[in-house]
> 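Can you keep this structure in mind? I'll have questions shortly.
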Amino acid sequence: MKKDIKLIALDMDGTLLNSGETVSEANYKAIKKAKDQGIHVVLSTGRSLERCQEIAESLGRSSYIVTINGGEIYNDKFELVDQTVLDASLVERLWELREQHDVHYWSTTVQGQFNSSENFEKEINEYDWLKFGFDIQDDEIRKVVLDELQNNEALEISNSSPTNIEVNPAGVNKAAALLKVCERLDIVMENVMAVGDSLNDMAMIKEAGIGVAMGNAQEDVKNEAAWVTSTNDEDGVAEAIERIL
């Protein structure tokens with residue numbers, strides 16, 4: 001706890017946001033307090049900018065925003081400063097797995113977001129893919145899909161809930177994105193506190209100077225964290241921020 005924290009990286013779903021997908025008053029106040037002390041507070045989320053910008057704006061100006069598990073980074077004016085896309089041939093195999101096992105999928109592309117309830121207007125290889133996700137309720141099917149994906153060195157595999165699988169290009173994760181942000185701000189990862197709850201938060205929790213797991217986090221995440229704060233419905237983010245302040 002003696003570390004000099006200059007940046008706080010916050011996951012959104014299951015972390016900053018409560019079960020009603022809103023930011024509590026306690027979390028708002030703690031974030032403002034940190035910013036007033038000159039600490040950068042950066043959202044680091046699996047969501048696209050479209051799905052997090054309103055919340056980001058409500059928190060006040062931030063130096064950077066990490067979205068799509070690190071697939072895109074935006075500056076304080078919501079201008080894109082970094083982007084990494086999936087190779088189309090990899091997406092074609094992901095689509096084959098989706099068809100083969102008849103499971104729900106969602107995706108984020110440069111051209112928009114798609115899921116099982118929406119049809120593509122063009123061919124798969126005509127989109128610039130940023131992330132592909134599966135939601136698989138059946139444990140056996142999920143294991144079959146996960147085993148294949150984890151054996152593909154071109155893919156970065158994580159999740160944002162126990163039943164889903166999130167796929168980014170290899171090397172794209174929240175830790176790698178935060179390292180890029182730190183370089184732009186002339187700080188190091190030792191100066192970062194990262195807070196999250198799922199496997200897509202694992203890398204940043206391991207690499208940060210202080211990695212904090214939510215009380216509602218997956219057990220693997222808790223095991224990697226320096227300590228565990230309260231749940232997302234108990235103002236766990238505010239508790240974590242107050243502790244380092």
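When reading the values below, keep in mind they use all heavy atoms of this one structure, side chains included, and skip hydrogens, waters and symmetry mates. All residue numbers refer to positions in the sequence shown, counting from 1. Since the model is a prediction, treat every value here as computed from it, not as a measurement.
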> Other residues, nucleotides and ligands only: do more than 12 of their heavy atoms fall within 6.0 Å of CD on E153?
no

> Please report the interatomic distance CG(L199) to CG(N164), rounded to the nearest 0.5 Å.
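If I round to the nearest 0.5 Å, the distance is 9.0 Å.
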
> Tell me whether S24 contacts the main-chain N or O of N27 through its side chain, where contact means a donor paired with an acceptor under 3.5 Å.
yes

> Does any non-hydrogen side-chain atom of V237 lie less than 4.5 Å from one of L10?
yes

> Does the side chain of T109 pick up a donor-acceptor pair with the side chain of D128 at under 3.5 Å?
no

> Got a second to check how far N223's CG is from Q218's CD, nearest 0.5 Å?
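One finds 11.5 Å between CG of N223 and CD of Q218.
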
> Going through the distances and angles, do I136 and T163 end up as a side chain to side chain contact (heavy atoms under 4.5 Å, CB included)?
CA-CA 6 Å; I136 306 175; T163 62; over 6 Å; no

> Measure across A9 and L178 and return the closest heavy-atom pair with its distance rounded to 0.1 Å.
CB-CD1, 3.6 Å

> In terms of hydrophobic clusters joined by side-chain contacts under 4.5 Å, are V66 and I5 together?
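They do not share one cluster, since no chain of ILVMFWY contacts under 4.5 Å joins V66 to I5.
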
> If you look only at distance, which donor and acceptor atoms sit under 3.5 Å apart when one is on a side chain in residues 36-45 and the other is two or more places apart or in another chain?
residue	atom	partner	partner atom	Å
D36	OD2	K32	NZ	2.9
H40	ND1	S63	OG	3.2
T45	OG1	R47	N	2.9

> When you compare the side chain of L49 with that of F78, does any pair of heavy atoms fall below 4.5 Å?
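Counting from C-beta outward, F78 and L49 do come under 4.5 Å.
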
> In terms of hydrophobic clustering (I, L, V, M, F, W, Y; side-chain heavy atoms under 4.5 Å; direct or indirect links), are V85 and V167 co-clustered?
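Not linked; separate clusters.
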
> Given E207 and L179, is the side chain to side chain contact (heavy atoms under 4.5 Å, CB included) satisfied, shown in steps?
CA-CA 9 Å; E207 296 297 324; L179 181 58; over 6 Å; no

> Say whether, by atom type as modelled, one donor and one acceptor occur between the side chain of S230 and the main chain of G236 under 3.5 angstrom.
no

> For residues 94-104, tabulate all N or O donor-acceptor pairs below 3.5 Å that involve a side-chain atom, not counting sequence neighbours.
residue	atom	partner	partner atom	Å
E96	OE1	R93	NH1	2.9
R98	NE	V103	O	3.2
H104	ND1	S116	OG	3.1

> Testing the 3.5 Å rule here: is there a donor-acceptor pair between the side chains of N159 and E166?
no

> Determine whether a donor-acceptor pair (N or O, by modelled atom type, separation under 3.5 Å) exists between the side chain of W129 and the backbone of L90.
no

> Do you know which two heavy atoms are closest between A240 and V195, and how far apart they sit?
CB-CG2, 4.5 Å

> Is a side-chain N or O of K33 found less than 3.5 angstrom from the main chain of Y28, in a donor-acceptor match?
no

> Do Y105 and F114 have ring centres separated by under 6.0 Å?
no

> Do C182 and N191 pass the side chain to side chain contact (heavy atoms under 4.5 Å, CB included) test, and can you show the C-alpha distance, the side-chain angles, and the key distance before you say yes or no?
CA-CA 9 Å; C182 285; N191 300 135; over 6 Å; no

> Shortest non-hydrogen contact from S161 to S198?
N-OG, 4.1 Å

> Within this structure, what is the CG-CG distance for the pair N168 and N173, rounded to the nearest 0.5 Å?
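Answer rounded to 0.5 Å: 8.5 Å.
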
> Salt-bridge test for D139 and K143: reply yes if a basic N is under 4.0 Å from a carboxylate O, no otherwise.
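Looking at D139 and K143, the cut-off is not met.
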
> Could you pull out all donor-acceptor pairs under 3.5 Å where a side-chain atom in residues 14-22 meets a protein atom, sequence neighbours excluded?
residue	atom	partner	partner atom	Å
T15	OG1	D11	OD2	2.7
T15	OG1	D197	OD1	3.3
N18	OD1	G20	N	2.9
N18	OD1	E21	N	3.2
N18	OD1	T22	N	3.1
N18	OD1	T22	OG1	3.1
N18	ND2	T22	OG1	3.1
S19	OG	D233	OD1	3.1
S19	OG	D233	OD2	2.5

> Between A176 and G171, which heavy-atom pair has the shortest distance, and what is it?
CB-O, 3.5 Å

> Does any non-hydrogen side-chain atom of L130 lie less than 4.5 Å from one of L86?
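The answer is no; the side chains never approach within 4.5 Å.
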
> Please tell me if the side chains of K122 and Y127 come closer than 4.5 Å, counting only heavy atoms from C-beta onward.
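Yes, side chains in contact.
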
> For V145, does its backbone N or O pair with a side-chain atom of E148 as donor and acceptor, under 3.5 Å?
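Side chain of E148 to backbone of V145, a donor-acceptor pair under 3.5 Å: no, none is there.
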
> Which atom pair, heavy atoms only, marks the closest approach of A34 to I8?
CB-CD1, 4.0 Å

> Going hydrophobic residue to hydrophobic residue with side-chain gaps under 4.5 angstrom, can you get from I65 over to L80?
yes

> Can you find a heavy atom in the side chain of V181 that is under 4.5 Å from one in the side chain of V192?
no

> Taking atom CD of E57 as the centre, report whether more than 12 heavy atoms of other residues, nucleotides or ligands fall under 6.0 Å from it.
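More than 12 within 6.0 Å, yes.
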
> Starting at NZ of K131, measure out to CD of E72 and round the result to the nearest 0.5 Å.
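Atom-to-atom, K131:NZ and E72:CD are 11.0 Å apart.
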
> What's the shortest heavy-atom distance between I244 and M193, and which atoms?
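Closest heavy-atom pair between I244 and M193: CG2-SD, 3.4 Å.
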
> Out of curiosity, does V91 fall in the hydrophobic cluster containing V172 (side-chain heavy atoms, cut-off under 4.5 Å, transitive links)?
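Shared cluster, no.
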
> Once you round to the nearest 0.5 Å, how far does OH of Y64 lie from CG of D82?
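Y64 OH to D82 CG: 10.5 Å, rounded to 0.5 Å.
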
> Can you tell me if NZ on K206 sees more than 12 non-hydrogen neighbours from other groups inside 6.0 Å?
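Open: at most 12 neighbouring heavy atoms sit under 6.0 Å from NZ of K206.
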
> Check this for me, if you would: do E219 and K222 make a salt bridge, where the nitrogen-to-carboxylate-oxygen distance has to be below 4.0 angstrom?
yes

> To the nearest 0.5 Å, what is the distance between CD on Q113 and CH2 on W106?
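Here the interatomic distance stands at 11.0 Å.
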
> Should C52 and T67 count as side-chain neighbours, where that means a heavy-atom distance under 4.5 Å?
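They are in side-chain contact.
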
> If only atom types and distance count, is the side chain of D147 paired as donor or acceptor with the main-chain N or O of V144 below 3.5 Å?
no

> Determine whether a donor-acceptor pair (N or O, by modelled atom type, separation under 3.5 Å) exists between the side chain of N216 and the backbone of N232.
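It does hold such a pair.
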
> Is there a donor-acceptor contact under 3.5 Å linking the side chains of E92 and S89?
no

> Does a side-chain heavy-atom distance below 4.5 Å link N69 with S158?
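Contact flag for N69/S158 side chains = yes.
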
> Check the pair E234 / T229 against side chain to side chain contact (heavy atoms under 4.5 Å, CB included), numbers first and verdict last.
CA-CA 9 Å; E234 299 170 322; T229 187; over 6 Å; no

> Are L245 and V212 linked, directly or through other ILVMFWY residues, by side chains that come within less than 4.5 angstrom of each other?
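L245 clusters together with V212.
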
> If you define the side chain from C-beta out and look only at heavy atoms, does anything of D4 sit under 4.5 Å from K6?
yes

